[in-house]
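So the structure is just underneath, and the comments pick up after that.
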There are 2 protein chains.
Amino acid sequence: MQKELENLTIGALARAAGVNVETIRFYQRKGLLPEPDKPYGSIRRYGASDVTRVRFVKSAQRLGFSLDEVAELLKLEDGTHCDEAREQAERKLADVRIKLADLRRIERALAELVERCCAATGQVRCPLIEALQQNPVG
Amino acid sequence: MQKELENLTIGALARAAGVNVETIRFYQRKGLLPEPDKPYGSIRRYGASDVTRVRFVKSAQRLGFSLDEVAELLKLEDGTHCDEAREQAERKLADVRIKLADLRRIERALAELVERCCAATGQVRCPLIEALQQNPVG
DNA sequence: CTTGACTCCGTACTTAAGTACGGCATTAAC
DNA sequence: GTTAATGCCGTACTTAAGTACGGAGTCAAG
């Protein structure tokens with residue numbers, strides 16, 4: 001089914017992951033993506049796991065993680081340094097739960113907004129901003 | 001209770017919102033924050049609603065919204081252009097729900113990671129990356 | 001009435017995350 | 001077997017989001 005996702009050139013990888021070729025090279029420099037060997041000749045080949053990884057990076061980014069944070073997330077899954085990883089993961093998990101709470105509040109606020117918007121004419125006091133009031137940190 | 005949050009100078013506002021003074025001025029230039037009048041003399045004064053607004057911007061940012069997107073969110077709540085606003089809000093809501101789904105997957109993955117991490121010794125095949133596989137867009 | 005902290009404003013610098021460019025090598029297609 | 005498309009690599013440019021800086025004005029305290 002995804003046999004065509006093996007043995008990709010860098011251009012094909014970029015296309016498959018929906019990013020620019022230069023972005024791939026940039027991620028390699030940053031250590032977010034391994035630089036594979038050049039099996040035949042002098043051209044690197046990539047596989048489905050690379051596509052997955054690039055997509056992961058982009059998704060995490062859209063959720064407000066910086067590339068450095070994504071790199072930390074990726075380090076968690078290599079299985080080594082188990083205890084460090086657990087602590088890291090716990091901290092990330094706390095972050096993620098705060099984000100979830102914030103997002104849920106925004107979701108509610110937007111849903112209410114949509115609900116009321118054309119129902120109530122005139123003054124629509126919407127709870128969007130209030131949604132993020134109860135924020136502990138800065 | 002928040003009487004001390006009225007009549008703030010820009011410095012006090014920045015401190016109250018946990019950002020740099022320059023950030024306040026930057027947000028004003030961007031139209032994310034109103035530039036109030038100078039009631040006495042030539043110094044502007046700010047109130048609690050400004051603190052709230054700056055905090056909102058920072059929170060939304062941590063969730064992956066750009067300042068331009070935050071500006072759009074803020075425009076939604078002024079009550080004018082009701083039908084445009086509703087469509088906008090619906091689109092934002094769809095975005096937010098995708099983000100929520102992604103974040104929940106990351107949450108699950110991190111929780112599993114923490115769970116297993118010190119339980120299973122050695123090979124920890126963690127589902128972090130897989131969490132964001134099923135992403136429709138790019 | 002001066003001094004130190006702060007404001008105002010414009011301009012310039014910085015960092016993160018790409019994106020583009022130019023020159024050379026290689027390889028697939030005709 | 002030439003040539004157009006890619007790949008490789010290094011360096012330079014761009015955009016978003018601040019951050020810093022410098023000079024002039026202002027205000028409250030001593």
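Since the model is a prediction, treat every value here as computed from it, not as a measurement. Below, chains carry the letters A, B, ... as their sequence lines are ordered, and counting in each starts from 1. The figures here come from the full heavy-atom set of this structure, side chains too, leaving out hydrogens, waters and symmetry mates.
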Given [options], identify the nucleotide with an atom nearest to the side chain of [X].
X       : options                : result
B/Lys58 : C/dA17, D/dG18, D/dC8  : D/dG18
B/Arg44 : C/dC8, D/dA17, D/dT26  : C/dC8
B/Phe26 : C/dA17, D/dT19, D/dC27 : D/dT19
A/Leu67 : D/dT11, D/dT19, C/dG18 : C/dG18
A/Arg29 : C/dG18, D/dC8, D/dT11  : D/dT11
B/Ile43 : C/dA20, D/dC27, C/dA17 : D/dC27
B/Gln61 : D/dG10, D/dT19, D/dG18 : D/dG18
B/Thr9  : C/dT19, C/dT27, C/dT7  : C/dT7

Is it true that a side-chain atom of B/Arg55 and a backbone atom of B/Ala16 form a donor plus acceptor pair closer than 3.5 Å?
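Checked: pair present.
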
Polar pair under 3.5 Å, donor/acceptor by atom type, side chain B/Arg25, base C/dG10:
yes

Value in whole Å for how far the [atom2] atom of [N] lies from [atom1] of [X]:
X       : N      : atom1 : atom2 : result
A/Asp37 : D/dG7  : CG    : P     : 18 Å
B/Leu32 : D/dA16 : CG    : C1'   : 12 Å
A/Arg45 : C/dT26 : CZ    : P     : 14 Å

Could A/Asp102 and A/Arg105 be called an ion pair, given the rule that one side-chain N must be under 4.0 Å from one carboxylate O?
yes

